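Heads up: the structure comes next, in structure tokens.
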Amino acid sequence: MSETAERDYRDTLRLPKTAFPMKAELPKREPARVAWWRDERTYERRLERNRANAPWILHDGPPYANGELHMGHFLNMVLKDMFVKIALLDGKWAEFVPGWDMHGLPIELETLKHLGIKDFHAIDPLELREKCKERALYWLDRQRDTRVRMGTFGRYERPYRTIDPSFEATIVETLADLAEKQQIYKGLRSTLWCVHDETALAEAEIEYEQKVSPSIYVRFPFSDAQREKLYAVLRQAQHDTERATQSSPSVTLSDPSVTLSLSKGLSFLIWTTTPWTLPANVAIALRADATYGLYEIDGEGLVLATALAESALGDRFADAKLLATTTGEALDGLAARHPFLDRDSAIVLADYVDLETGTGAVHTAPGHGADDFETGMKYDLPILNPVNASGHFTDEAGPYAGQFIFKANKQIVEDLRASGMLWRAHEYEHSYPHCWRCHNPVIFRATAQWFIAMDQNRLRARAIEAAESVAYDPEWGETRLKQMLENHPEWCISRQRTWGTPIPALVCAGCGESVLDPQVARKAAKRFAEVGASVWWSDPVETYLPDGFACPTCGKQAFDKEKNIVDIWFESGVTHFAVLGHDGLPWPSDLVLEGGDQYRGWFRSSIVTAVAVKNAAPYKRVVKNGWVNDEHGRPMSKSKGNGIDAKDAMEKWGADVLRLWAASVEFVDDVRFGPNVVEQVGRVYRNVRNRIRFMLSNLDDLGAADVVAREALQPLDALACSVVDAFVADVKALYDRYDIHGAYLRIVEFEGTMSSLYFDALKDPLYSRAENDARRRSAQSALLYALKRFLTAAAPVLSFTAEEAWQEIPTALRGDETSVFDSSFAAESIDRKALSADLALWEELRSLRAQVAGGANVRDFEAKVRIEAGAALFKRLAHLGDNLREALVASQCELVESSALEADAAVLDIVSAHGEKCRRCWKFRTLGSDAEHPSICAECASVVRGQASA
RNA sequence: GGGCCAUUAGCUCAGCUGGUUAGAGCGCAUGCUUGAUAAGCAUGAGGUCCCAAGUUCGAACCUUGGAUGGCCCA
């Protein structure tokens, strides 16, 4: 070998070159990209460009402005962003207005805690509201930063906020609309009440502590008439059993001697630990599917659930004789007598009746319990409220009027004992709700509240109808939402707190009636729109009185302002009115996307307000995302220590890897998240990144003038472009079906096929050909096309990486598409038929390549491949020319037609290539044609000579 | 306790209206490459499709019951 033969030709090759780093360092780099998007106004500019096109609006369900965002928020917010970007790249006017839910008790409580105040009555409402506002804004800022850091696009400089004067005005306007349609009324509701502080409490202000209460079993006797009805039911049940089992019961109810044996009366037996609620009793609730028995004990008849008879009857269970049984359902509609007041107690059914404690017959006082209240509403029972604010009985409580309820307990038990209505009594220690402030036991007490009447004007029915016009993903969302509407109790929208939007109701100074007048409300809305709702606390009432306004009940013209605020579910329920339907944003929205808990929450509250006011659904499609659990499928929570903040996760792994994770899981279902899951998706990310890098690194020397037109591409490159087109079309179709996960799978698959077949084939032409060689320029042009189309398709998911790569494309090749978000999915219309032929050929090449790569002992360029192909396949392969050899990564390729084979069949013969390995291009060739370069092939020699002369 | 949902390789998931030996990516093992190199390519090992019963010529897929987990309620 001569000295020249030893020469290393590496520096004569066109090896890949790019500034796009292999190592992503996402946590470090992403913040700069966020700032770049902001400075470039990337989103705004694209919106402006799309302005003339069809709008597509995803309406944001507002996160609550309290606490840091967690991975559940991340998943939801990033998914929303993906859909917004998909619409944007599709040319739609996709204005996304992010919003925040900023009023409400959690913020009020947190603020009070910070101020060191336990009783909110002890602070001036205006001052407290100011402090709450500061707090809510603090959280909004933090959450907004985190949200922007995720790489999400939206109108962040002007979000909607439920504390904005305009928003507060919308809330009050909506109240006016509802009042006008007589959809709102004031009624009683059972609320948690502290008799010591004389105030209503929220669920969050309750602490459970142990308490000793009297545990009593009480008789509710049957009247003569009701007793006959009971017998009739029991006889029917007995009759049915006889027929079903073909056996006679040992005791026959028809036998008069049996019923006569109950000489000492007949009663329902109930159990309670709050004797003081008995004056408000109006019903006994049973469980529909439970078995109830009539027991005889020493001549007395008692009815209770058989499953609880032993524990309820105690010592005397041994003496009890079961006479007959029936189901709770059969007893529905009967009645018993109140044990000491002159009225009936209705027998009703309720789901919550359990068979663990008591008698299975639950004392029901709608004024003194949440469940009881619901049952009361359902059965239209009177809601008695014989207890005043300080916990003393009113005259309604008959003999106990004036007594403090907890003291009256003892008296009531003694009276029951004396009247013979007490079965037995003992002490009972249990967990009982207490006031967090004064630590006294709390009670349920009926108070006057504002309600939206769900069945007035067929509101519930119309909401259900409207829900049917909406599309759902998953489809069962429709059933779920309709179920929620169906079971929606009367919607209580008033709260006795400070941090919220006031309900502009007036109390008549004359008769004490509350009035929510549309005119008054509209005046308030106008005033709030100008200066904010806090003025309700400072304005004189006259500000809100229309001329000549008089009490509709008594005609007096003097009023006080009522001090109730609106439930925050009502506030978030009108975001669609606040945001949509003006500023060019259409009403209803095209899409809402929230966690599954919102079927009961925001999906429901939104559709109720929309139907009440506009008689239509406020959204066209409802998509639900699943819950984010930890790696073991357990719920994440801060208290358990397995909760992960979105911000921490992004600092650790980078937003883009997490965005890819969001796409890698099936978001509709519950998903798992944790270090191992991220590790896995991180490897997929690196794969994708390196393939992007390969494409970029081969475009370094491509000028705009060098780009070969699509029609002039070499066959393999044209084929690759078809594969790209098919890929983009598929991904677009998947996006359109909201199938982000499907798109993820397609992206990963596409990258694989490009890398293993196409990139490998291109290395030799790209590296060893002359810079301006036509083959090389064709390959580069196809790579450019593939890269750009790929980045566009991936941008909704991998926003940061797609943009980073886009910025590494030589400027001249990007044209006026400064950002990847200036590009579009839509290429020229695709010829589907031609495409499918191309895709088939691509798959044939994949199969041939796999046989070459995996089948023989010879490696890559050591091989000569001889292909015998049937007529049709031969024709297709022949069309590829030398590109066929490239695709197989062989040094030599011989294609022959065989009439013996099926038209599409092929037989491969892989042998050692002849010639010697070229030192430069590694292909096996006849060497030595160029005396100066004896160790390389003629083609390489020509390239090297060209370089030397240049 | 009720309603709804989920359960396919170690992990994330495909599997269209029931139809040959249930697929992919990541991981793992082995080999190649060292001109994408903290990369690339190839090959391979992994599965009583949660369990049980039923319908059917045939079930991962349909029906019923159960288990486990989740969400919303109670």
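Since the structure is predicted, the reported quantities are computational estimates derived from the model, not experimental observations. Naming convention: chains lettered A, B, ... in sequence-line order (proteins, then strands); numbering from 1 in each chain. What's counted below: heavy atoms across the whole structure, side chains too, no hydrogens, waters or symmetry copies.
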Between protein and nucleotides 66-74 of chain B, map the contacts as a letter string: B base, S sugar-phosphate only, - none, heavy atoms under 4.0 Å, written 5' to 3'. ---SSBSSS
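Checked for salt-bridge contact, A:Arg925 and A:Glu939 meet the test: a charged N lies under 4.0 Å from a carboxylate O.
Rounded to whole Å, the distance from CG on A:Asn690 to C1' on B:rA38 is 10 Å. Remark: P of B:rA36 and CD of A:Glu751 are 16 Å apart, rounded to the nearest angstrom. Here B:rC5 presents its C1' atom at 17 Å from CD of A:Glu478, a figure rounded to the nearest Å. Between A:Lys624 atom NZ and B:rC5 atom C1' there is a gap of 6 Å when expressed in whole angstrom units. To the nearest angstrom, C1' of B:rA24 lies 10 Å from OH of A:Tyr744.
A distance of about 13 Å separates the P atoms of B:rG23 and B:rG44, rounded to the whole Å. Spacing between B:rA29 and B:rA45 at atom P, rounded to whole Å, works out to 16 Å. Taking atom C1' in both B:rC26 and B:rU55, the straight-line distance is 39 Å, to the nearest Å.
Nucleotides of RNA chain B nearest to A:Val681 and A:Arg693 differ in position, and the one nearer the 5' end is that of A:Val681.
Helical stems involving RNA chain B, defined as 3 or more consecutive Watson-Crick or G-U pairs under 3.5 Å, span B:1-7 with B:67-73, B:10-13 with B:23-26, B:28-32 with B:40-44, B:50-54 with B:62-66.
Judged by distance alone with a 3.5 Å cut-off, no donor-acceptor contact links the side chain of A:Lys23 to the base of B:rA38. Under 3.5 Å, the side chain of A:Thr18 and the base of B:rA36 form no donor-acceptor pair of N or O atoms. Judged by distance alone with a 3.5 Å cut-off, a donor-acceptor contact links the side chain of A:Gln680 to the base of B:rG25.
Between A:Phe673 and A:Trp653, the ring planes are perpendicular. Angles over 60° get that label, and only those under 30° would be called parallel.
Phosphate contact (OP1/OP2 of B:rG35, side-chain N/O of A:Tyr9, threshold under 4.0 Å): absent. Between A:Asn487 and B:rG2 there is no side-chain N or O to OP1 or OP2 distance below 4.0 Å. In this model, the phosphate group of B:rC26 is not approached by any side-chain N or O of A:Ser664 to a distance below 4.0 Å at OP1 or OP2.
The nucleotide whose nearest atom lies closest to any side-chain atom of A:Arg683 is, among B:rG27, B:rC4, B:rC41, B:rG27.
Cation-pi geometry between A:Arg287 and A:Tyr292 is not met at under 6.0 angstrom from the ring centre and within 45 degrees of the axis.
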Decide side chain to side chain contact (heavy atoms under 4.5 Å, CB included) for A:Ile284 and A:Val348; before the verdict, give the C-alpha distance in whole Å, the side-chain angles of both, and the deciding distance to 0.1 Å. CA-CA 6 Å; A:Ile284 296 169; A:Val348 299; over 6 Å; no
Please report the C-alpha distance between A:Glu862 and A:Lys917 in whole Å, then the side-chain angles of each, then the deciding distance to 0.1 Å, and finally whether the salt bridge (charged side-chain N to carboxylate O under 4.0 Å, His left out) criterion is met. CA-CA 8 Å; A:Glu862 292 170 16; A:Lys917 183 176 178 178; over 6 Å; no
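Within the nucleic acid shown, A:Leu13 comes within 4.0 Å of at least one base atom, counting heavy atoms only. Residue contacts for A:Ser756: at a heavy-atom cut-off of 4.0 Å it reaches the sugar-phosphate backbone alone, with no base atom in range. Nucleic acid contact for A:Trp476: sugar-phosphate only, since backbone atoms but no base atoms lie under 4.0 Å from a heavy atom of the residue. If you check every strand for non-hydrogen atoms under 4.0 Å, A:Glu631 touches nothing.
Look at A:Phe694 and the base of B:rG40; the rings do not stack under the cut-offs of 5.5 Å between centres and 30° between planes.
Judged by distance alone, the side chains of A:Ser768 and A:Arg920 never bring a donor and an acceptor atom under 3.5 Å apart.
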